[in-house]
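Read the structure below first, then the notes.
Quantities reported herein were computed from a predicted structural model and do not represent experimental measurements. We use all heavy atoms of the structure for the numbers below, so side chains are in, but hydrogens, waters and symmetry mates are not.
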Amino acid sequence: MLFAQEIPDFPEQVSVQSFADNLLYVLAASAVVLVVAGLILIDLGTAKRRNVLDLTVQRFVGFLIGTLSYFIVGYAIWIWQFNSAFAVDNALWQAIKDWWLGGDLMNNYAQNVDPALASNTFQIFASFLAVYAGFVCVLVHFAGAERLKALPYYIMCVGIGGVAYPFVLYLTWGSVS
């Protein structure tokens with residue numbers, strides 16, 4: 001019975017043009033990860049020998065915390081601008097419901113998402129912005145290298161990735177993006 005249900009199909013969500021757009025975001029996200037690795041390598045050469053392992057682990061964990069925080073609710077804060085621009089009732093709550101890590105639009109295959117609701121580019125763009133949120137956390141640690149304690153830094157990463165960075169994106173791009 002479960003497999004007999006008819007799932008709507010929107011082939012324009014998986015077109016060649018859509019694939020090309022998404023490939024750009026995947027490559028950009030990969031480049032950000034390489035930049036994070038590069039920053040860690042730079043710091044390996046400038047840090048005191050006894051701090052190298054600690055700094056590397058702190059940056060890597062901070063990157064992961066910032067990225068995950070953004071995925072949990074940060075992207076929904078950024079999508080809030082679109083809901084505001086298109087006069088969606090309860091714009092922030094609807095964005096959170098649809099685009100948090102377990103949201104309906106975040107967890108459906110692109111061909112099953114009505115293009116009137118969201119482009120499939122929104123799904124892959126979430127990965128790019130999440131990786132970039134982790135990168136911002138690494139930059140913060142880079143500025144305070146060998147002076148930041150681990151626990152306060154991790155708490156900052158939650159705030160940066162989950163609230164500060166997406167809110168700055170919202171204010172930067174506004175409701176017309």
Side-chain angles (χ1 to χ4, degrees), residues 13 18 21-37 39-40 55-86 88-144 148-177:
Q13 290 280 57
S18 174
D21 292 343
N22 291 337
L23 185 61
L24 173 71
Y25 291 123
V26 168
L27 291 174
S30 301
V32 171
V33 170
L34 290 174
V35 169
V36 167
L39 285 175
I40 289 172
L55 290 175
T56 303
V57 170
Q58 284 178 12
R59 286 216 176 111
F60 184 68
V61 171
F63 174 79
L64 294 176
I65 289 171
T67 301
L68 186 61
S69 314
Y70 190 83
F71 262 130
I72 289 173
V73 74
Y75 191 61
I77 293 172
W78 185 74
I79 290 290
W80 177 22
Q81 65 178 312
F82 289 100
N83 288 355
S84 298
F86 293 111
V88 173
D89 291 334
N90 235 347
L92 177 59
W93 178 246
Q94 187 63 42
I96 290 172
K97 192 170 92 171
D98 291 339
W99 290 103
W100 77 285
L101 185 61
D104 295 335
L105 295 177
M106 185 71 87
N107 290 305
N108 273 317
Y109 292 116
Q111 66 266 21
N112 299 336
V113 175
D114 186 357
L117 294 175
S119 165
N120 74 338
T121 305
F122 278 19
Q123 292 174 331
I124 198 71
F125 198 58
S127 299
F128 168 72
L129 287 176
V131 167
Y132 207 88
F135 171 68
V136 171
C137 293
V138 170
L139 286 179
V140 167
H141 193 273
F142 198 69
L148 288 173
K149 300 279 186 200
L151 184 61
Y153 170 63
Y154 298 152
I155 293 169
M156 280 190 335
C157 289
V158 170
I160 289 169
V163 179
Y165 174 69
F167 192 67
V168 167
L169 286 176
Y170 173 81
L171 292 175
T172 302
W173 297 105
S175 61
V176 292
S177 189

Nearest heavy atoms of His141 and Arg59, plus distance in Å: ND1-NE, 3.0 Å
In Å and rounded to the nearest 0.5 Å, what is the OH to CD1 distance from Tyr25 to Ile124? 10.5 Å
Verify, without hydrogens or angle tests, whether Asn107 (side chain) and Leu101 (backbone) share a donor-acceptor contact under 3.5 angstrom. yes
Is a side-chain N or O of Gln81 found less than 3.5 angstrom from the main chain of Thr172, in a donor-acceptor match? no
Can you give me the closest heavy-atom contact between Leu92 and Trp80, atom names plus distance? N-CD1, 3.4 Å
Would Phe135 and Tyr132 count as a ring-ring contact (aromatic ring centres under 6.0 Å, His included) if you check the C-alpha gap in whole Å, the side-chain angles of each, and the deciding distance to 0.1 Å? CA-CA 5 Å; Phe135 171 68; Tyr132 207 88; 5.3 Å; yes
Show the nearest heavy-atom pair for residues Gly66 and Ala133, with the distance to one decimal. O-CB, 3.9 Å
Keeping the roles fixed (side chain from Tyr153, backbone from Cys137), state whether a donor-acceptor pair exists under 3.5 Å. yes
Correct closest heavy-atom pair for Ser69 and Gly162 would be CB-N, 3.5 Å
If you look at every heavy atom in Ala95 and Asn83, which pair is closest and at what distance? N-ND2, 3.2 Å
Starting at CG of Leu64, measure out to CG of Leu68 and round the result to the nearest 0.5 Å. 8.5 Å
Between Phe63 and Val131, is any pair of side-chain heavy atoms under 4.5 Å apart? yes
Could you walk me through whether Phe128 and Phe125 satisfy the ring-ring contact (aromatic ring centres under 6.0 Å, His included) test, starting with their C-alpha distance in whole Å, then the side-chain angles of each, then the deciding distance to 0.1 Å, before giving a yes or no? CA-CA 5 Å; Phe128 168 72; Phe125 198 58; 5.8 Å; yes
Rounded at 0.5 Å granularity, tell me how far SG in Cys157 sits from OH in Tyr70. 15.5 Å
Can you tell me how far apart CD1 (Ile79) and CG (Leu169) are? Round to the nearest 0.5 Å. 10.5 Å
What distance do Tyr75 atom OH and Tyr165 atom OH have between them, rounded to the nearest 0.5 Å? 11.0 Å
According to the side chain to side chain donor-acceptor pair (under 3.5 Å) rule, which pairs have a member within residues 90-103, sequence neighbours left out? Gln94-Asp98
For Tyr154, look at atom OH and say whether over 12 heavy atoms of other residues, nucleotides or ligands are found less than 6.0 Å away. yes
Side-chain heavy atoms of Leu39 within contact of Leu139, under 4.5 Å: yes
Would you say the side chain of Phe122 lies within less than 4.5 Å of the side chain of Leu105, judging by non-hydrogen atoms? no
